[in-house]
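Each ligand, and each atom within it, is numbered from 1 in the order the structure gives. What you see below is based on every heavy atom in this structure, not just the backbone, and it leaves out hydrogens, waters and symmetry mates.
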Amino acid sequence: MVDYLHPNPLQMKKLSLTIYLLLFTFFAYTQSISDFLSVPFPTSMTASPDGKAIAWVFNDQGERNVFYAKAPDYAAKKLTDYKGDIGVDLGPLVFSPDSKTLLFVRGNSRNPSGQPANPAQLQENTDKKIFKVDLESGKSKWFAPGTSPVFSPNGENIAYLIGGSVYLKAASDTTDSVKQLFTARGSTSMLSFSPEGNYLAFMSGRTDHSFVGLWNFEKKELTYPEASLDFDAYPAWSPDGKKLAYLRIPNILNLLPFTSITEANPWSIRVLDIVTMKAEEVWKADPGRGSVMVDDLPAISERLWWTPGGSLVFPWEKNNWMQLYSINPITKELKHLTPGEGQVEWVQASFTKNELLITHNIGNIDRRQVSRLDLSTFDLELLSDPQTINWTPVRVENGLAWLESSWNQPGWPMVQTYGQSKMLAQELFPKSFPKTLSKPTPITLRAKDGFESYGQLLLPANYDPKKKYPAVIFLHGGSRRQMLLGFNYGMYYSHTYAAQQYFASQGYIAFILNYRSGIGYGMDFREEKNYGAGGASEVQDVMAAADYLAARSDVDHSKISPWGGSYGGFLTAHALSQAPEKFNVGVDIHGVHNWNNDIPVFASWYKPEKFPEMAALAFKSSPMNFVKNWKDPVLLIHGDDDRNVLFSESVELAEVLRKQGVHVEQLIFPDEVHSFLLHRNWVNAFAATFNFINKHSLAK
Ligand SMILES: CSCC[C@H](NC=O)C(=O)N[C@@H](C)C(=O)O
């Protein structure tokens, strides 16, 4: 018995341990989903050309602002002061060549009716605009309407896009003048000044083909040096400005989005001689593996990088993995630069001009790592701690900056100089963020068709193997996505990982599935032949996850609930309609339910009535094909300015389910887009997800 008035040291120890456990249990069960989502999410990490400063955007619970940090101490400075969760996007960031000015783009894209997103119903225009910050004074001001600004090499001019047209404005011009640089057919993108600033190269998109175009500033002349019936794209200037390399990608006729493609007419690399204006093919992919230039890997707008020695570095999926190779246009020598099991996802040039900074999962399949590729020696050096998740590295003088997360910490900007690493703006990391999370365990599954898929398992707080827990399965969207052994590099999936952690903190076994057609596990995994609108074979992976959980002695198999967004909503609907007996309830966030309704959003050529065989298989691969079996209650969540998944997908599903007596609940966000712009909508969506699943789990 403890003598509370005169406790001895051992009794004091017992007492303090008891108090600690009581407090831990109290906080673990009382921290809200908003605590799990309270960490500002960093994006647009950018380094100045002189390597002496970095800038990034923090989305702090919906309040988006630009931050800046300078050598040597890299103390974070807030450059903008936008207030509140108002649903106006911010980024990218672009430094001027002299590193004294920073541009940022703020605003939202337009929907097919020409309305910029405005989920907070602000009484102001929310179109995208370009702002300019004087980094000496810290003052920012409006510069121009539009997006995608690029400085001329001397910093005197800024080219930018409005819609698909090119505009040019003197960087020093403080008027509200808006002047088109030239008029051209098609939709212009991929602006790239030549190193001398005498040309602007660009891609001119034209439905089933595209040209690489040139604007000659001196002659004020627009030319298309080598027009073709293919997709010519990704222009890249040689360091001396005498050559322009680009990809030539043959069109793939009637390729239905969200179906498998493993080979096509091979793509090639061409080099244009700016003096002769003659181009030649310097390399062509082999037929078969790697002949497709997939448009979502590596996930940035460049595909070609020149080395100081005149070779070209490019991504190629020759060996089942998207990796980097180099070709010497003169000797035609080909080198494989990034061997190993894993894919290169992002490639970042650096102010040193002699390296590429690569984000990949080679040798660390369930994370992202950063490596340096030397462009003279082609040496590859791993820069990451293998236990963390690192992405978007940028070079700074005597060091590096990057974004880093782990299993128990969301993404955060880091800087390392002279070998010493530190969190940037550490003072902004919220104290309310939970201290105790569930460490994910990698799991491998095998579906009934023998296909191997992967996932991560989160055990509940105070886990007791003798107990039986309710379980949730999170299904990511895309489907070209990968959930990781920690907080994701994308905000959508960082938030959903946090939501699964919240489920675990509330006593659930929380499973996260990486189903076939996702990225990170190679082409054979990503392009499984019957996935998506070609057979929805990935549903078997969802069933395998359900069977895995049901077979666990610590899972109450009557309380397994799937939930997910977009493609994950699609799979939640498949789960509940194809195997209601396996599941308790589900939450379907902006999910697709009939491919033939939503695919035209991604492929304007696709008219189901014109492609009856394609449409028949696509419908057969849709949840609506099985909807008659649907019995389990479902919560539908959707924003009604969704440009990716038609709001009508939820309207139609609700009507059919109600008719057959299924319990349907709804949470609708007026004027919200696909990946919610308002932080409160994320919080409300996940709180509703938890409450809906929990209500039906406790009720049993
Ligand atoms: C199922 S068709 C559309 C799904 C959608 N893909 C592209 O917009 C999607 O999943 N979007 C988000 C969630 C994503 O790409 O991750």
Partner of Gln456 under side chain to side chain contact (heavy atoms under 4.5 Å, CB included), chosen from Thr441, Leu484, Leu485, Leu513: Leu485

For Tyr493, the ligand 1 atoms whose distance to one of its heavy atoms is below 4.0 Å: 12 (C), 13 (C), 14 (C), 16 (O)

Ligand 1 contact on His476 by region, counting heavy-atom pairs under 4.0 Å: neither

Ligand 1 contact on Tyr567 by region, counting heavy-atom pairs under 4.0 Å: both

Proximal atoms of ligand 1 relative to Trp595 (non-hydrogen, under 4.0 Å): 1 (C), 2 (S)

Contact partition for Arg481 relative to ligand 1, non-hydrogen atoms under 4.0 Å: side chain

Phe611 ring center near Trp605 ring center (under 6.0 Å): yes

Full working for side chain to side chain donor-acceptor pair (under 3.5 Å) between Trp346 and Gln348: CA-CA 7 Å; Trp346 284 298; Gln348 182 71 37; over 6 Å; no

Ligand 1 contacted by Phe258 (non-hydrogen, < 4.0 Å): yes

Of Phe474, Tyr454, Tyr548, Trp563, the residue whose pairing with Phe511 passes ring-ring contact (aromatic ring centres under 6.0 Å, His included): Tyr548

Residue Gln121 excluded, over 12 heavy atoms near CD under 6.0 Å: yes

Atom indices of ligand 1 within 4.0 angstrom of Asn644 heavy atoms, with elements: 7 (C), 8 (O)

Closest protein heavy atom to atom 4 (C) of ligand 1, given as residue, atom name and distance to 0.1 Å: Ser566 OG, 2.9 Å

Sub-4.0 Å atoms of ligand 1 with respect to non-hydrogen atoms of Val592: 1 (C), 2 (S)

Geometric class of the Phe570/Trp595 ring pair [parallel <30°, tilted 30-60°, perpendicular >60°]: tilted

Phe451 and Phe525 aromatic ring geometry - parallel, tilted or perpendicular at 30°/60° bounds: tilted

Option set Gly569, Ser622, Gly478, Pro257, criterion heavy-atom distance to atom 6 (N) of ligand 1, minimum: Gly478

Which of the ligand 1 atoms, numbered from 1, are nearer than 4.0 Å to a heavy atom of Gly477: 10 (O), 16 (O)

Per-atom contacts, ligand 1 versus His674 - under 4.0 Å to a heavy atom: 5 (C), 9 (C), 11 (N), 12 (C), 13 (C)

Aromatic plane relationship, His476 with Tyr493 - under 30° parallel, 30 to 60° tilted, over 60° perpendicular: perpendicular

Check against ring pair (Phe, Tyr, Trp, His ring centres under 6.0 Å), Phe36 and Phe690: CA-CA 13 Å; Phe36 283 75; Phe690 174 77; over 10 Å; no

Under 3.5 Å: N/O of Asp598 near N/O of ligand 1: no

